[in-house]
Amino acid sequence: MSTHILEVNELKTYYRTRLKEHVYAVDGVTFALEEGKTLGIAGESGCGKSTLALSLMGFYFPPLHFGGGSIIVGGRDIMKLGKEQLRSQVSGREISYIPQAAMNALNPTLRIIRFIEDIMKEHRPELTKKQVWDMAAERFETLNLSPRVLNAYPNELSGGMKQRTVIAISTILNPKVLIADEPTSALDVTSQKAVIKLLKSLLDKGFIRSLVFITHELPLLYHVTDDIMVMYAGEIVERGTAEQMIFDPIHPYTKKLMGSIIVPEEGMKGHKLAAIPGTPPNLKNVPEGCRFADRCKYAQEACRQGKIANKTLGDRTYRCIVEPETLREWYANEGE
Amino acid sequence: MKGNNVLIEGKNLTKVFGFGGNKTTAVDNVSFAFHEGEIISIVGESGSGKTTLAKLIMGLLKESAGTIEYMGKPRRLKRHSDRRKYWKHIQAIFQDPFSSFNQFYRVEKLLLDCIKLQGEKLTKEEQLRRMKEACSFVNLKYEELHNKYPFELSGGQMQRLMIARIFILHPKLLIADEPTSMVDACSRSTILDMLLKLREENNMTIIFITHDVGLAYYVSDTLYIMEQGKVVEKGPAEEVILNPKHPYTRQLISDVPKIHSEWDLA
Amino acid sequence: MNSSFRILIKSPKFMFGACTLLAMIGLVLIYPLFNRSDPLEMIALAYQPPDAKLLLGSDNFGRDLFLELIYGIRTSLQVGLIAGVFATAIGLVIGLTSGYIGGMIDNLLTAVTNIFIVIPSFVILILISVSIDSRSSFVTAVIIGVTSWPWTARAVRAQTSSLRNRDHVNIAKISGYSTPRIIVSEILPYIASYVVMAFVLQTASGILSEASISMLGLGPYNTISLGIIMNWALVFEAPVAGAWWAFIPAAISIAMITFSLYMMNTGMDEIFNPKIRS
């Protein structure tokens, strides 16, 4: 198991509300990512996928708090490191994170090169300004980005260009894992494709070893990541390869999610889209048993009792008490 | 389904913003003819002028050149009474449900205002019955909802409530400006289904404004592809998507990830 | 609206300001009911220090300063409120018109507003006060109000023009509602809390302005205000006579009123302004 570049065990993180309630947005998440592999995390808004991404960095700012579990990056539990160690040794070097609104977070009064100089001052103080410039220009060139961008101010760049620049900056130290939280959802399709290409070339050229990609757009994950993990109400309900997840989902929630995909392809037109009645449970008090039970038409008495454990089937995991074969039969009968 | 009567027709519509050196042409010589009961999608990326075109059709912006004919007659919007008459037939759903509601009014007042807009004299019971009917059309429970303020609802619920509004008002023409881009995939299916049902029951013409080619293909009969203010390709949805002619349409389609075919990332 | 009022009550700053203000208003309304004497009646020798009978001593004419102070606070509050109402109303109308209609009218009104901001309003105030012969406290209040609206107008304009493009306003438009109705039901509720805050602030600055021009001797005639009390003290050289009671209480009253109003304003700001709240 030493090939795992990232290992997360029973991670729990919660938000403390103004009324001092604890809302577990990530509730006992366990997964591992092999070196060289890419993982997609999908789910509806509010399912905890963005919180999970943030939690993986090991930094917790109120109202988000660490609630237990371990995050092992390159053999070290980063939750056991001090803040200073975490900042200087882990973030940016081992693991890098691009938040949702990253492209708007650049200080508009600084040229792009300044952001890279700042990173280098911290991590490689021996380099001169000239060396930093050369290095950055070379990296940008390799990634098909014009080195002229380095001299530009953030506002002079288009949205897609800004996003690509942010990605290039945050991977300048060759982190082992890059965590990208919805990096394309604010962009046009053309810019989206450019961002995806950039991520692919980062992987191909070995600048990053692994990628965790968070999005609600499933067709995108299908083309970008090896594995897909689906989250619901703070838990992982299913994980499998992209192929398996899109075409042969086990969990009823995954099934619905995949049934709601819309793509411009033949046969899409008369196709009936899947819809899920109701709303996800309030995370302040989650129901006992399966968290999806209230919206699942196959729910039985047993679904609402105790804790539903994760089951494994080959390389896949799923969180449902019904056997996959039975589920598939039900799906076939329902014409889903 | 799509009829043969043209409901609204635009001829050489142009909209220019700004004066002198700062001129930008948002909509550039666009012509269209939308039929009764037809679902049309206007597809384009941000800055393509699709939202400006929608606002021209809604009568919220004044065209710089060209004419719009509504039911065979030139549209007149000079006086407020003319506009009122035109707006009786037109309604809209916008992208951001959070800004579509006046957050100071309860759901009940919102629906009641729609009923009053109809101008009919109704008893309290009849009003209540209509509100309940509209809510059940969009799978919401009036009893749980009527006392709530919009910010207490989820984005999907708000957008469904917007559709309930349309259900009460039953306009001839509905303009839906990216109605699903801010809701989850599963709510999206529900909202699309409801819009399709509206069309079936009321023979409503629906104009979809979207950047999502897949969505446009799924819901509409006819597609208009816009690039930089111009319509570069139009035609039946099947034809435009499965057999695109214009290079921009081809690029737009190829930039979207699909699940049954390879995605060319080269 | 109800719920925001409930939150307001929980704000210590707002409650402190509101209680102080209410206590003062209560005092000036109730005290004259018990002591029905005329505040301008000379009942003692000049500059008598405070004692049990004359709570704050007497002024140079031998009048009861405490009674004068009570009437002074009453006039000052009145002037402040009238000035606040005028400033807020004018600012609201101009701001709404310019923000909602936009285009040329917006450019024109913004230019006018900016001109009023650039010209020091205190100078206008003095010029008008000098040129008008009969000045009642009401006229003074109106003059103050008419010269201090530009800030309100500017802020209202900014908020209105961003609200104008919101979708619920578009929906109201295509529902065929008239412009006044849209302004009242779709725009005003969103800026109401702001307008109330601006009103509180304008009232406070109205009181200060009145005190300033009254001290210069340009305030209202035939009445007593806090500024006039201080003007009398100044003219008849109370500081030289060592009669601190002739002007310190009036100064403290002005400070207390404006301070309590500012506290209310800050308290409201913390609740209504989401940036500070989060």
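Order of the sequence lines sets the chain letters (A, B, ...), proteins ahead of strands, with each chain counted from 1. All values derive from a computational prediction rather than experimental measurement.
- With a 4.5 Å cut-off on side-chain heavy atoms, A:Leu220 and B:Trp263 count as touching.
- Residue-environment remark: CD (B:Gln228) stays at or below the threshold of 12 foreign heavy atoms within 6.0 Å.
- The parts of A:Lys269 that come within reach of chain B are both its backbone and its side chain, each placing non-hydrogen atoms under 4.5 angstrom from that chain.
- With a 4.5 Å cut-off on non-hydrogen atoms, B:Val219 touches chain A through its backbone but not through its side chain.
- The parts of A:Ile276 that come within reach of chain B are both its backbone and its side chain, each placing non-hydrogen atoms under 4.5 angstrom from that chain.
- Taking every heavy atom of both residues into account, B:Tyr218 and A:Met268 meet most closely at CD1-O, 3.5 Å.
- Here B:His260 is the residue among B:His211, B:Gln157, B:Glu238, B:His260 with the most heavy-atom pairs under 4.5 Å with chain A.
- Atom OG1 of A:Thr279 and atom CG of B:Leu153 lie 11.0 Å apart (nearest 0.5 Å).
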*Could you go step by step and tell me if B:Ile259 and A:Met258 meet the side-chain contact (heavy atoms from CB on, under 4.5 Å) rule?*
CA-CA 11 Å; B:Ile259 55 171; A:Met258 302 307 157; over 6 Å; no
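- Although no hydrogens or angles enter the test, the distance criterion places a donor-acceptor pair under 3.5 Å between the side chain of A:His223 and the main chain of B:Lys258.
- For B:Glu262, the CD atom counts as loosely surrounded, since its 6.0 Å shell holds 12 or fewer non-hydrogen atoms of other residues, nucleotides or ligands.
- Neither the backbone nor the side chain of B:Ala216 comes within contact range of chain A; no heavy atoms are under 4.5 Å apart.
- With a threshold of 4.5 angstrom between heavy atoms, B:Leu215 approaches chain A through its backbone and through its side chain.
- Atom CG of A:Leu273 is separated from atom CD1 of B:Ile191 by 12.0 Å, given to the nearest 0.5 angstrom.
- The choice from B:Gly47, B:Gly156, B:Ser254, B:Gly214 that makes the most heavy-atom pairs within less than 4.5 Å of chain A is B:Gly214.
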*Can A:Lys272 and B:Asp193 be said to form a side-chain contact (heavy atoms from CB on, under 4.5 Å), step by step?*
CA-CA 9 Å; A:Lys272 179 101 178 98; B:Asp193 276 351; 3.2 Å; yes
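- Side chains of A:Lys256 and B:Ser189 form no contact here, defined as non-hydrogen atoms less than 4.5 Å apart.
- Within the 4.5 Å cutoff, the side chain of B:Glu45 has no heavy atoms near those of the A:Ser191 side chain.
- No more than 12 heavy atoms of other residues, nucleotides or ligands lie within 6.0 Å of CD in A:Glu266, so this atom counts as exposed by the packing criterion.
- The side-chain heavy atoms of A:Ile262 and B:Arg188, taken from C-beta on, include a pair separated by under 4.5 Å.
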*asked:* Set out, in order, the CA-CA distance, both residues' side-chain angles and the distance that settles side-chain contact (heavy atoms from CB on, under 4.5 Å) for A:Val189 and B:Leu252, then state yes or no.
replied: CA-CA 7 Å; A:Val189 282; B:Leu252 212 53; 3.9 Å; yes
